Amino acid sequence: MDLELNNKTAIVCGCTQGIGLGIAREFAKNNVNLILIARNERALKSTIESLHNKEKHTYICVDLSEPDNLKKKLTPLLDSWGVSVDILINNTGGPSAGSIEMAEPSEFLKGFNMHIICSQIITQLVLPGMKKNNFGRIINIISTSVKAPISNLGVSNTIRGAMANWGKTLANEAGCFGITVNNVLPGFTKTDRLNSLFKNKSIKEKVSVEDVEKKALQTIPVGRFGDVSDITNAVLFLSSPKASYINGINLPVDGGRTVSL
């Protein structure tokens, strides 16, 4: 299937590892011009070097816990490129594990800045161009905790829920301009983030990581953990013109693990 992504321009956040890196690579293979955003410049340069048509892509190095710095760096880059952004992938590492009872207020503020505020800043910069072209795709990589909170992820559950509602609200406002906004909810996907969560759970419950993995696997009807490609395939379709009538949804990509509809 031709997804009609050739020569589109996309911003991909959190693009140097895991799901974000997978999305960036698949976009590049489909001849999408990329603006990559992450906090590690060495990793950003390495990512650019690994991409198809590497000369077509650029990046800004910024920590998404610093929203003002993000706006200061991204605004002139977009002005200098002189092209509209067609696709925005909001993707940021999740807050640290832990119970909500023990979470410090500063953890919530940091998570809110990284997810909601930074997504809002980028969106406000790209929406005028999307409206002018009557085309735009905004996809938020969140978590299945949007539908069913995950134990020991108190701050993450809170922030992810807020992000999902932000996305749904934007979908309602922007749909009439040919802009769709959707939330992709990865389940247990083989990334460093998942490994870290399993390790933390093993320490808390005083069991082996292998036992944690085995127990988690039993909750997935298809009988396996997700690959990054499972997520990227969904993102690529939602980014394409062919997904023009899909708007404002929460799409679990989790092998059926989420217990709710």
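Side chains are part of it too, since the values below use all heavy atoms of this structure and drop only hydrogens, waters and symmetry mates. Fair warning: this is a prediction, and the values are worked out from it, not measured in the lab. Numbering starts at 1 and runs along the sequence shown.
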For this session: Any chance you could lay out the side-chain hydrogen bond (donor to acceptor under 3.5 Å, both in side chains) test for K201 and N152, step after step, and finish with the verdict?
Result: CA-CA 8 Å; K201 190 175 181 66; N152 202 45; over 6 Å; no
Nearest heavy-atom contact between G178 and N134 is N-OD1, 3.5 Å
Nearest heavy-atom contact between P186 and V184 is CD-O, 3.2 Å
Checklist entry - Cut-off 3.5 Å, side chains only: do T219 and R257 have a donor facing an acceptor? => result yes
Inspect the surroundings of CZ in R39 and state if more than 12 heavy atoms from other residues, nucleotides or ligands are less than 6.0 Å away.
no
Would you say K147 has more than 12 foreign heavy atoms packed within less than 6.0 Å of its NZ? yes
Would the distance check show the side chain of D254 and the main-chain N or O of T258 forming a donor-acceptor pair, the cut-off being under 3.5 Å? yes
- request: Report yes or no: is the cationic atom of K131 (NZ for Lys, CZ for Arg) under 6.0 Å from the centre of the six-membered ring of F177, at an angle within 45° of the ring normal?
  value: yes
Original post:
Between the side chains of S208 and D211, does any donor sit under 3.5 Å from an acceptor?
Top reply: yes
Look at K190 together with D227 and state whether they make a salt bridge at an N to O cut-off of under 4.0 Å. yes
Pi-cation contact, F135 with K8 (under 6.0 Å, within 45°)
yes
Answer yes or no: is there an ion pair linking E26 with K29, defined by an N-O contact shorter than 4.0 Å? yes
- [ ] State whether the number of non-hydrogen atoms from other residues, nucleotides or ligands found under 6.0 Å of K56 atom NZ is greater than 12.
- [x] yes
Using a strict threshold of under 4.0 Å (side-chain N to carboxylate O), is an ion pair present between D230 and R224? yes
Do N140 and N182 have side-chain N/O donor and acceptor atoms under 3.5 Å apart? no
Checking I37, L125, I60 against L77 for side-chain contact (heavy atoms from CB on, under 4.5 Å), the one that qualifies is I60
Tested for side-chain contact (heavy atoms from CB on, under 4.5 Å) against R137, the lone hit among I87, N247, V181, L88 is I87
